[in-house]
Every structure is written in structure tokens, then in C-alpha cells.
Amino acid sequence: MTPITQRRELRTELPGPRSRALQARKEAAVSAGVSTGLPVYIDRAGGGILVDVDGNHLIDFGSGIAVTTVGASAPRVVEAVQGQVERFTHTCFMVTPYEEYLEVCEKLAALTPGSHEKRSALFNSGAEAVENAVKIARAYTGRSTIVAFDHAYHGRTNLTMALTAKNLPYKQGFGPFAGEVHRAPMAYPFRWPGDREHVAEEAFAAFAAQVHTQVGEQNVAAVIVEPIQGEGGFIVPPAGWLERIARWCQEHGALFIADEIQTGFCRTGDWFACDAEGVVPDLITTAKGIAGGMPLAAVTGRAEVMDAVHPGGLGGTYGGNPVACAAALGAIATMEEEDLCGRARQIGDVLRSRLEQLADKVGVIGEIRGRGAMVAVEVVVGSGDRSPDAALTAAVSAHCHREGLVTLTAGTFGNVLRFLPPLTISDELLHEGLDILEDAFLTVLDGGDR
Ligand code: PLZ
């Protein structure tokens with residue numbers, strides 16, 4: 001296939017006529033519960049570009065929600081998948097195993113934080129990995145309670161909905177939820193109600209006091225945390241907080257589970273977000289960026305914890321599918337050989353410096369935050385008012401979509417614009433995307449597009 005021209009090009013309005021026709025079919029065939037943020041149907045994708053069925057070239061600032069870190073058609077991934085598909089598509093690892101599964105687990109042991117002995121188990125989706133991390137933690141500790149945080153996102157299955165904080169759209173009408181989940185306050189500096197200079201200490205104290213009075217430390221199987229919260233709005237806890245939570249777990253015999261499904265695999269400029277703080281989780285969940293777009297997820301953890309489960313206790317028909325494993329090996333090789341952690345830091349520098357200029361110009365950006373190529377802006381009413389402005393956020397995002405820039409929103413209050421470009425995007429496209437974003441803010445604030 002000829003490489004995709006790495007240039008934005010709009011041939012029709014967005015969505016174009018073919019996309020609109022497909023969207024009409026979608027409405028007749030797909031559940032309304034599955035919605036599409038930007039109903040532009042994709043024909044090809046790679047680098048920093050998505051090509052739609054009308055021939056438009058869109059700039060990708062979303063990576064399919066932090067998945068196509070290596071691009072959507074990375075050569076090593078394509079080659080590995082093609083080779084594997086020709087050899088065999090499936091045997092079920094629980095029936096007759098294959099080497100690719102082992103290689104992925106060996107890579108996970110080498111790359112995840114900590115030099116202790118590790119084991120992994122492979123699954124299909126992030127939510128499934130989280131579910132299994134909880135099973136493993138309960139089996140190992142013999143305890144039941146899982147502590148999760150405000151603004152957390154861990155998935156949409158029954159147990160993970162209980163762990164996820166936000167009601168709409170994730171939980172409304174879908175209860176009753178799984179029990180034995182306790183929610184604790186998150187160290188969210190921008191919206192901390194107390195002393196903003198001491199968020200780490202105050203948030204930790206609130207967590208510890210709540211768990212003591214409402215749960216009892218001896219009942220906690222695990223604390224699960226996203227080191228930087230994703231769907232919650234790229235909330236970066238202050239330095240020291242994560243480490244303090246991990247230490248609390250150690251002191252009380254609970255496991256510390258880092259959900260690195262969104263932050264993992266070079267996204268934050270390190271292999272994992274925990275690396276930046278020197279925190280070593282007992283269990284880590286990964287998915288998304290791990291396999292260049294193929295469905296794969298993992299739980300990796302201390303050997304004694306992972307081996308506490310009885311044989312046959314973990315599994316699933318497709319978990320660690322050989323094609324997905326081959327893709328993961330191709331994606332990881334790409335990250336290693338192209339130093340994508342370094343590239344994530346460079347992208348982060350460009351995003352931050354441009355977003356700072358934008359914030360000065362528009363006056364409605366309350367905070368720019370994130371790490372590496374995982375950066376967001378929290379949009380507020382402005383002029384000293386931190387109230388979230390979800391309507392402005394949606395209007396800016398919609399303007400970007402019409403101009404051929406794929407942006408994602410996030411945040412408990414719907415007022416966060418997040419940027420997750422593929423790490424293979426060119427600087428030119430990055431700047432062009434940021435130009436569109438700036439124009440979107442200025443146009444919408446000018447009243448022209450709201
Ligand atoms: N844990 C930290 O970010 C997935 C969800 C999009 P699955 N986030 C994107 C949506 O609206 O469904 C995610 C995550 C963290 C777990 C998950 C769940 O991963 O692969 O979507 O199940």
C-alpha cells in the first residue's frame with residue numbers, strides 16, 4: 001500500500017456525503033447506546049492522519065483513545081499481524097499454547113516498574129484486565145474491599161462500573177453495581193477544596209481517615225489508582241501522593257494496583273507513568289497502547305501474588321490471542337527502536353508551549369496538565385472563575401471536528417479537552433492541529449460558532 005500523505009486535506013464538508021450515508025445505516029443497525037463522537041467513517045489511517053471514505057485527511061489528536069501510540073498501521077505491527085494470521089489465528093492458550101503469549105509476558109516483566117520476579121495474564125480489554133486484577137487481589141489477600149478514587153475510570157463491565165466514578169454516561173440505569181467497592185477523595189489539585197499548597201498531604205489524610213472509619217484497613221484487598229487519571233480529565237496528583245498511597249498499602253497488607261491502561265507504553269514519556277515517581281505497583285493493568293490497535297490487555301504483578309490463584313482460575317477463550325500478541329511484539333519493538341518515550345516528551349514540550357500561549361490569549365483555560373504526550377486543558381468560565389464550561393468545551397471540540405482535527409473531551413464536568421496524538425505524528429501536523437485548536441477557541445469565544 002502507498003504510504004498515507006501526512007497532510008490535512010478537506011475535500012468535502014465534515015462529515016462528507018459517504019460518511020453521512022454510513023451514519024444513516026449505523027442508526028438503523030447499531031444500538032443507540034453505542035455513540036460516535038465524530039461520525040466520519042475511516043478508510044485508512046497511519047502516522048498522524050485518518051483518511052475518511054470521502055477522501056478527507058484528518059489530523060489525529062486522539063489515537064482512538066490512547067491506543068495507536070505507534071500509529072494505526074505501524075509497519076512492524078502490520079508485518080507481525082500478517083505473518084501470524086497466515087500461521088494460525090487461534091488455538092486458545094488454555095488448550096494448546098503458543099510462544100507469542102510467553103514473549104509478551106516476558107516483555108511485560110522486563111518493562112513494567114520494579115525488578116522483582118513477575119508473572120502476567122493476558123486478556124482482551126482494559127475492563128477485563130481490571131476485573132482480573134481484582135480477582136487476583138482478593139484471592140491473594142483473602143479480603144474483599146477495593147478502594148477506588150473520585151474521578152476514576154476503570155471500565156464499563158459490572159464490576160468496573162462500580163469502580164468508575166462518573167454516572168453519566170457510564171452508569172446511569174445500569175445498576176445494581178458490584179459491592180465491596182469504596183470511593184475515596186482524589187488528589188485533584190485544581191479543584192481541591194482545602195489548602196492548594198498541601199494537596200498531597202491533605203488528600204492522603206482524607207483517604208486514610210475514610211478507609212479507617214468506613215472500611216477498616218484489615219478489609220482492604222487493594223487500592224486501585226490511575227497514576228494520571230484519564231477519562232476523569234488527565235488529573236495529575238501532586239508529587240508524593242502516589243508514593244504515599246503505595247506505602248499505605250504496604251503498611252496494611254493491601255495490594256497497590258496501578259491502572260496504566262491509558263498512561264502505559266510510552267504515552268507519558270516513560271514506559272509507565274509510575275516510573276516518573278519511582279513507584280512500584282504490586283499489580284499493573286495495561287491495554288490500549290500495548291498492541292498497536294489490536295485488542296490485548298494484561299495484568300502483570302509480583303510472582304507470589306499472581307501465582308496465588310488456583311490453576312484454571314484465570315482465563316477466557318480469546319485472552320492473549322496470537323494475532324494480538326504478535327501485534328504487541330511489533331508495537332513494543334517499534335517503541336524500543338524508535339525511542340517513542342523520547343518522542344512523547346518532545347510532543348509534550350510542543351503541546352505545552354503552544355497551549356500556554358493559547359491560555360494567555362483566551363483566558364478560559366484554568367489549567368494545562370498532563371505528562372509527555374498526554375496533555376489536557378481544563379476549560380473554565382474565566383476571569384478568576386473556575387466554574388467548568390462544558391458548553392464552550394463542546395463547541396471548541398465540534399469546531400475542531402469540522403476543520404478536520406480529531407479532538408477528544410474528558411473530565412467529570414465535561415470541560416476538559418485532551419490531546420493524545422499518535423507518537424508517530426510529525427511536528428508539522430502537530431502545529432497545524434494546534435493552529436486549528438487556537439482558531440476554534442477564538443472563533444467560538446467571538447460568538448461566531450456557539
Ligand atoms: N482503565 C484507565 O482509560 C479505557 C474508555 C472509553 P477498555 N478508557 C477509554 C469509553 O468511553 O468506553 C480505560 C481506561 C482506564 C480501564 C479502561 C477500560 O478499558 O479496553 O475500554 O475496557
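Residues take their numbers from the sequence shown, with the count starting at 1. Just follow the structure's listing: the first ligand is 1, and inside any ligand the first atom is 1.
Near I261, meaning under 4.0 Å from one of its heavy atoms, ligand 1 places the atoms 1 (N), 13 (C), 14 (C), 15 (C), 16 (C), 17 (C). With ligand atoms numbered from 1 in the order given, ligand 1 contributes 2 (C) to contacts under 4.0 Å with heavy atoms of E226. With ligand atoms numbered from 1 in the order given, ligand 1 contributes 6 (C), 9 (C) to contacts under 4.0 Å with heavy atoms of I65. Atoms of ligand 1 lying under 4.0 Å from any heavy atom of A127, numbered from 1 in the order shown and given with element: 7 (P), 18 (C), 19 (O), 22 (O). Against a heavy-atom cut-off of under 4.0 Å, Q262 is close to the following atoms of ligand 1: 3 (O), 8 (N). Near S125, the atoms of ligand 1 lying under 4.0 angstrom from a non-hydrogen atom of the residue are 20 (O), 22 (O).
Taken from CE in M374 to OG1 in T268, the straight-line distance is 8.0 Å, to the nearest 0.5 Å.
Under the 4.0 angstrom criterion, atom 21 (O) of ligand 1 counts as lacking any protein heavy-atom contact.
Within the cation-pi definition used here (under 6.0 Å to the ring centroid, within 45° of the axis), K166 does not qualify as a partner of Y153. Both the sub-6.0 Å distance and the 45° axial angle are not jointly satisfied by R369 relative to the ring of F234.
Ion pairing of E243 with R247 is present here, as a side-chain N (NZ or NE/NH1/NH2) and a carboxylate O approach within less than 4.0 Å. Between E217 and R143 there is no salt bridge, since no side-chain nitrogen of the basic residue lies less than 4.0 Å from a carboxylate oxygen of the acidic one.
The aromatic rings of F265 and W271 lie perpendicular to each other, with more than 60° between the two planes, well past the 30° mark.
Ligand 1 has at least one atom lying under 4.0 Å from a heavy atom of K288. Residue contacts with ligand 1 leave out G230, since none of its heavy atoms falls under 4.0 Å from the ligand.
Within 6.0 Å of the CZ atom in R18, the count of heavy atoms belonging to other residues, nucleotides or ligands does not exceed 12.
Nearest protein neighbour of atom 19 (O) of ligand 1, counting heavy atoms only, is G126 CA, 3.3 Å.
Not a single N or O atom of Y170, backbone or side chain, sits closer than 3.5 Å to an N or O atom of ligand 1.
Scanning R156, E231, E128 for the heavy atom closest to atom 11 (O) of ligand 1 points to R156.
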